[in-house]
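Atoms within a ligand are numbered from 1 in the order they appear, just like the ligands themselves.
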Amino acid sequence: MSVVQNKLIVALDVETADEARGLVASLRGIAAMFKIGSQLFTAAGPDFIKEIIKAGEKIFLDLKFHDIPNTVAAAGVEATRLGVSMFNVHAVGGGAMMRRTADAVAECAASEGLTRPTILGVTVLTSSDDATLREIGVQEKADAMVARLAQLAMNSGLDGVVASAREVSLVRAVTKPEFIVVTPGVRPAGAARDDQARVMSPREAIAAGADYLVVGRPIIAASDPARAAKLIVDEMLSCAAGSRS
Ligand code: C5P
């Protein structure tokens, strides 16, 4: 898989559809995809997603589904019908949940003539550490759990995982080369870290093996979002040629 292309995903972490519309308009042609998470989805709903897709943009639906296999598979089918390019599920939901979702999505896409979205697993949230895991009864270290869940996601038919830049090499070590790694927690030199504890620059994240970078506040809170996004894309492209292909 070549990484010499724009793989910037902009997180539309805003309160209203109007704010998101403005960002999409100014980032058209710069962002490869837009991420819609729980906040904007709860505020604006599936109609807003349809509107953005109709306007020619790609959507990563970041709702991190986690439920019984039948329910998550059914939600995956609806995400496919909505036309999103990517969506995610919690890998801790287990192999049966992921396998059933991957199968149901593939079947729906084939029988209804739709494009099959990329399905990602969420391993261990970056807000969780070893202490958080112990609190919920998990004795395994977070790093080991990330690697194990990434492998489980791959073996259950998922296309990739969301992983912090720090975890990319852990995931790469246990998965096949075409397995996709989507990385948040990216900060260009000089940008505020916000609440991200461990950050990497776009160049470092690509060099570590990330396929897609998810960037929110450094772009959406910038005085000129288009300029901020362009600088990140240029940095990604300038170092992509030298990384894995
Ligand atoms: O504003 P910022 O660039 O920190 O936004 C990062 C985005 O990636 C947010 O939408 C956040 O929810 C998401 N994310 C994250 N860390 C994870 C998974 C998702 O920051 N482990």
Side-chain angles (χ1 to χ4, degrees), residues 7-16 19-20 23-24 27 30-44 48-49 52 58-66 84-93 118-130 132-133 142-143 145-147 149-150 153 158 160-171 180-206 208-223 225 228-233 235-236:
K7 290 187 171 178
L8 172 66
I9 302 178
V10 175
L12 294 175
D13 292 332
V14 291
E15 288 182 8
T16 66
E19 277 177 90
L23 282 166
V24 170
L27 296 169
I30 306 171
M33 211 181 288
F34 292 95
K35 182 171 87 69
I36 294 185
S38 327
Q39 180 189 18
L40 187 59
F41 186 79
T42 305
F48 177 68
I49 293 181
I52 300 298
K58 291 187 169 160
I59 296 293
F60 169 14
L61 184 63
D62 177 20
L63 294 181
K64 302 182 180 71
F65 298 130
H66 182 188
V84 305
S85 300
M86 200 178 255
F87 73 91
N88 55 9
V89 306
H90 269 291
V92 289
T118 296
I119 311 176
L120 302 175
V122 174
T123 57
V124 179
L125 291 172
T126 43
S127 52
S128 298
D129 55 16
D130 294 344
T132 320
L133 294 179
D143 282 357
M145 191 166 171
V146 167
L149 288 174
L158 265 53
V161 287
V162 181
S164 78
R166 197 183 64 93
E167 294 163 349
V168 176
S169 56
L170 283 175
V171 173
I180 295 168
V181 182
V182 176
T183 302
V186 175
R187 291 292 179 271
R193 288 182 164 219
D194 305 302
D195 58 352
Q196 297 283 11
R198 294 178 299 270
V199 299
M200 272 195 187
S201 70
R203 181 184 306 277
E204 288 168 332
I206 293 291
D211 289 304
Y212 289 87
L213 305 187
V214 175
V215 184
R217 287 161 291 185
I219 294 173
I220 65 173
S223 55
K230 263 194 204 120
L231 287 173
I232 292 173
V233 170
E235 187 176 328
M236 288 170 73

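For the pair K35/N88, no side-chain contact is recorded, criterion being any heavy-atom separation below 4.5 Å from C-beta on. Annotation: side chain of V162 is not in contact with side chain of V214 (no heavy-atom distance under 4.5 Å).
Around ligand 1 you find A11, D13, K35, T126, P184, R187, Q196, V214, V215, G216, R217, P218, each with a heavy-atom distance below 4.0 Å.
When every heavy atom of S128 is checked against every heavy atom of V124, the shortest pair comes out as CB-CG1, 3.8 Å.
Counting non-hydrogen atoms of neighbouring residues, nucleotides and ligands closer than 6.0 angstrom, the CD atom of E15 reaches no more than 12 such neighbours.
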Using the rule given for side-chain contact (heavy atoms from CB on, under 4.5 Å), can you reason through I36 versus F48, listing the C-alpha separation, both sets of side-chain angles and the distance that settles it, and then say yes or no?
CA-CA 10 Å; I36 294 185; F48 177 68; 4.0 Å; yes
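R203 is linked by a salt bridge (Lys or Arg N to Asp or Glu O under 4.0 Å) to nothing, counting only residues two or more places apart in sequence or in another chain.
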